[in-house]
Amino acid sequence: MKVSSVGTLTILVLLSLAMSCQAQLKYGFYRGKCGFNDVEIIIRRIVAARFAKDPTITPALIRMQFHDCFVHGCDASLLLDGDSSEKMAIPNLTVRGYDLIDEVKDALEKACPGVVSCADIIVAATRDAIALAGGWPYAVQMGRRDGRVSLASNVDLPAPFFSVAQSIAAFQKKNLTTTDMVILLGGHTVGIAHCANFVNRLYNFNGTNDADKTMDPNLVTKLRTICPQNVIVNNFTSLDQNKYSSNIIDNSFYKQIIAKKGILQIDQSLALDSATKNMVTYLANGFNFQFLFNNAMVKMGAIEVLTGTQGDIRKSCRAINLP
Ligand code: HEM
Ligand SMILES: *[C@@H]1O[C@H](CO)[C@@H](O)[C@H](O)[C@H]1NC(C)=O
Ligand SMILES: *[C@@H]1O[C@H](CO)[C@@H](O)[C@H](O)[C@H]1NC(C)=O
Ligand SMILES: *[C@@H]1O[C@H](CO)[C@@H](O)[C@H](O)[C@H]1NC(C)=O
Ligand SMILES: CC(=O)N[C@H]1CO[C@H](CO)[C@@H](O)[C@@H]1O
């Protein structure tokens, strides 16, 4: 190689390094960017105040991060209002917590207008809510920017009746491994599911005229009283049926699915499918679920992010900025 081409190569490498640095998430991204205010502390205070009144904010935010990041990347596109925006798509109908994000955004716009993205607020608030509900604290990188596109027609989230193979494929599309998937579905250690998402397992599963054989019969009996046949009810039950830990971030979800007490078909399938059952056993018997869950949330929080000069910092999380 000639000296000049080595030089060119060096410049190219340095340039691409500089570009990738600019275009990457960072720890402490907002340090010094909001006057004397600490952005992450402002967020944490508001999340803690809400959690004290309503601990179900934790599952609401965890699911919000999942739905935001899996559709069009972690760009807060889920938050945009509109007749045909993502939040109107069927799987989003029960996503909650939008008002908490608005509350945080209002406080941050007062402290330093136009600095903190809605996409970062989702990820930071979710992190704080996890630590409040028995999870372990963790650091998240920030510097996400907000997207301008939100279409219900972009929403192709995995469905509760997906097979493990279909679900693996959906996660693979986001560069998440089977292991990441099994750990992230551990998010179902908190929160609830409405009858509509599992009633197919209770009466005439897959044309058998009976309940899903992979569900514990006592659980079938219990769920039949909550979700009567052929009646549309808004009833729900805990995704983690261990009543002492239904609202706690721990590994009991895996113990429950091993005991045939998964609520969603995909949850139960994890404990049975040869591609995932060893991982389920490992997590059910281990002591590090919280640690693994945090790492998986961080990985999910980096899916297709906008950084640098891409996208915007929205003024309101519900609307794109006016030109
Ligand atoms: C194959 C993938 C997944 C499917 C099919 C799925 C499906 C569902 C369904 C149907 C519900 C019940 C919604 C309702 O009836 O109100 C639910 C709730 C929930 N999901 Fe998932 N989910 C998946 C992956 C994830 C992931 C990766 C996370 C986050 C790490 C997550 C977190 C949650 C949480 C926390 C709730 C409870 C929400 C609440 O209480 O409001 N899910 N999920
Ligand atoms: C997955 O990784 C490939 C290769 O690095 C990249 O081109 C693609 O954009 C990534 N996809 C997502 C959804 O992050
Ligand atoms: C449903 O029934 C079909 C046909 O009998 C069978 O091939 C399939 O494995 C069943 N699915 C489940 C989830 O049991
Ligand atoms: C809702 O669930 C409760 C039990 O949690 C049950 O008593 C009630 O009948 C259910 N509602 C309907 C309309 O079936
Ligand atoms: C059709 C429908 O019920 N859409 C809801 C989706 O979620 C948002 C935010 O909670 C609601 O405002 C919509 O009414």
Side-chain angles (χ1 to χ4, degrees), residues 54-71 90-98 122-123 126-127 129-130 133 135 156-174 176 178 180-202 204-215 221-240 246-249 253 262-270 272-273 276 289 292-301 303:
D54 175 15
T56 74
I57 195 65
T58 299
L61 289 173
I62 295 173
R63 189 152 181 252
M64 182 186 283
Q65 182 178 321
F66 168 52
H67 282 213
D68 185 39
C69 293
F70 256 61
V71 183
I90 290 161
N92 278 342
L93 289 181
T94 54
V95 174
R96 307 175 289 119
Y98 298 110
I122 294 178
V123 170
T126 302
R127 177 268 308 270
I130 286 171
D156 68 338
L157 288 158
F161 49 82
F162 267 22
S163 68
V164 168
Q166 285 173 308
S167 183
I168 289 173
F171 278 69
Q172 218 161 43
K173 273 200 211 161
K174 307 295 168 189
L176 295 172
T178 303
D180 295 331
M181 180 190 83
V182 175
I183 295 167
L184 285 169
L185 272 159
H188 290 171
T189 179
V190 289
I192 56 166
H194 291 84
C195 294
N197 286 311
F198 57 86
V199 73
N200 69 312
R201 304 183 64 203
L202 302 181
N204 183 15
F205 179 66
N206 201 15
T208 57
N209 215 8
D210 200 355
D212 185 341
K213 295 253 178 317
T214 66
M215 186 186 282
T221 306
K222 171 184 164 179
L223 295 181
R224 281 178 174 171
T225 67
I226 299 175
C227 311
Q229 193 172 18
N230 302 325
V231 184
I232 297 190
V233 289
N234 205 23
N235 267 352
F236 55 82
T237 194
S238 295
L239 285 162
D240 175 355
S246 296
N247 301 312
I248 295 174
I249 307 278
F253 167 79
I263 297 299
L264 304 179
Q265 196 178 322
I266 181 63
D267 293 350
Q268 190 54 60
S269 306
L270 289 181
L272 302 169
D273 194 287
T276 48
F289 167 70
L292 297 171
F293 185 63
N294 291 350
N295 289 341
M297 288 298 284
V298 167
K299 194 168 171 189
M300 182 166 81
I303 295 174

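Order of listing sets the numbers, starting from 1, for every ligand and every atom in it.
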Should you measure from each heavy atom of Asn206, which atoms of ligand 3 turn up under 4.0 Å away? 1 (C), 2 (O), 3 (C), 8 (C), 10 (C), 11 (N), 12 (C), 14 (O)
Check each heavy atom of Leu264 against ligand 1 and say whether those closer than 4.0 Å belong to the side chain, the backbone, both or neither. side chain
With atoms numbered from 1 as shown, which atoms in ligand 1 lie under 4.0 angstrom from a non-hydrogen atom of Gly191? 37 (C), 40 (O)
Side chain to side chain contact (heavy atoms under 4.5 Å, CB included) for Ile303 and Leu176? Distances and angles first, verdict last. CA-CA 9 Å; Ile303 295 174; Leu176 295 172; 4.0 Å; yes
Heavy-atom contacts under 4.0 Å between Thr225 and ligand 4: side chain, backbone, both, or neither? backbone
Which protein non-hydrogen atom lies closest to atom 12 (C) of ligand 4, naming both residue and atom, and how far is it? Val233 CG1, 3.6 Å
Output the list of atoms in ligand 4 that are nearer than 4.0 Å to some heavy atom of Pro228, sorted by atom number. 14 (O)
Rounded to the nearest 0.5 Å, how far does NZ of Lys174 lie from CG of Leu184? 13.5 Å
Record the part of Gln65 in heavy-atom contact with ligand 1 below 4.0 Å; permitted values are side chain, backbone, both and neither. neither
List the closest protein heavy-atom neighbour of atom 35 (C) of ligand 1: residue, atom name, distance to the nearest 0.1 Å. Pro59 O, 3.3 Å
Does Ala159 approach ligand 1 within less than 4.0 angstrom via side chain, backbone, both or neither, non-hydrogen atoms only? backbone
Taking the side chain as every heavy atom from C-beta outward, state whether Arg127 and Met297 have any atom pair closer than 4.5 Å. no
Going by the atom numbers of ligand 1, which of them fall below 4.0 Å from some non-hydrogen atom of Leu239? 18 (C), 19 (C), 36 (C), 37 (C)
Whether His188 and Phe253 hold their rings parallel, tilted or perpendicular, with breakpoints at 30° and 60°: perpendicular
Ranked by distance from atom 29 (C) of ligand 1, the top protein heavy atom is Ile62 CG2, 3.5 Å
How far is atom 20 (N) of ligand 1 from its nearest protein heavy atom, and which residue and atom is that? His188 NE2, 2.8 Å
Is atom 2 (O) of ligand 3 near the protein, in the sense that some protein heavy atom lies at less than 4.0 Å from it? yes
Which atoms of ligand 4 are found less than 4.0 Å from any heavy atom of Asn235? 1 (C), 2 (O), 3 (C), 8 (C), 10 (C), 11 (N), 12 (C)
Decide whether Asp212 and Thr214 meet the rule of one side-chain donor and one side-chain acceptor closer than 3.5 Å. yes
Check whether any side-chain heavy atom of Cys227 sits under 4.5 Å from a side-chain heavy atom of Val199, and report yes or no. yes
Between Pro158 and ligand 1, which part of the residue brings a heavy atom under 4.0 Å of the ligand: side chain, backbone, both or neither? both
Would Gln265 count as being in polar contact with ligand 3, using the rule that some N or O on each side must be under 3.5 angstrom apart? no
Answer whether the closest heavy-atom distance between the side chains of Arg201 and Phe161 falls below 4.5 Å. no
Give me the residue, atom name and distance of the protein heavy atom closest to atom 27 (C) of ligand 1. Phe66 CD1, 3.5 Å
For Ser167, the atoms of ligand 1 under 4.0 Å from one of its heavy atoms are 1 (C)
Provide the number and element of each atom of ligand 1 under 4.0 Å from a heavy atom of Asn197. 10 (C), 12 (C), 13 (C), 14 (C), 15 (O)
Do you see a donor-acceptor pair shorter than 3.5 Å between the side chains of Asp54 and Thr56? yes
Which protein heavy atom lies closest to atom 14 (C) of ligand 1, and at what distance to 0.1 Å? His194 ND1, 3.3 Å
Please determine if Ile192 has a nitrogen or oxygen closer than 3.5 Å to a nitrogen or oxygen of ligand 1. yes
Classify the contact between Arg96 and ligand 1 as side chain, backbone, both or neither, using a heavy-atom distance cut-off of under 4.0 Å. side chain
Per-atom filter on ligand 1: closer than 4.0 angstrom to a heavy atom of Ala193 are 12 (C), 14 (C), 15 (O)
Ligand-side contact atoms (ligand 1) for residue partner Gly187, heavy atom cut-off under 4.0 Å: 35 (C)
Can a protein heavy atom be found under 4.0 Å away from atom 7 (O) of ligand 3? no
Using a strict cut-off of 4.0 Å, indicate which atoms of ligand 1 neighbour a heavy atom of Thr94. 13 (C), 14 (C), 16 (O)
Report the distance from atom CD of Gln172 to atom CG of Asp180, rounding to the nearest 0.5 Å. 11.0 Å
Can you name the atoms of ligand 1, numbered from 1 with element, that are less than 4.0 Å from a heavy atom of Pro160? 5 (C), 10 (C)
Could you tell me the residue and atom name of the protein heavy atom closest to atom 3 (C) of ligand 1, and the distance to it rounded to 0.1 Å? Leu185 CD2, 3.8 Å
Starting from atom 30 (C) of ligand 1, locate the nearest protein heavy atom and write down its residue, its atom name and how far away it is, to 0.1 Å. Leu184 O, 3.3 Å
Please determine whether a side-chain nitrogen of the Lys or Arg among Lys173 and Asp156 lies less than 4.0 Å from a carboxylate oxygen of the Asp or Glu. yes
To the nearest 0.1 Å, how far is atom 19 (C) of ligand 1 from its closest protein heavy atom, and which atom is that? Arg63 CD, 3.1 Å
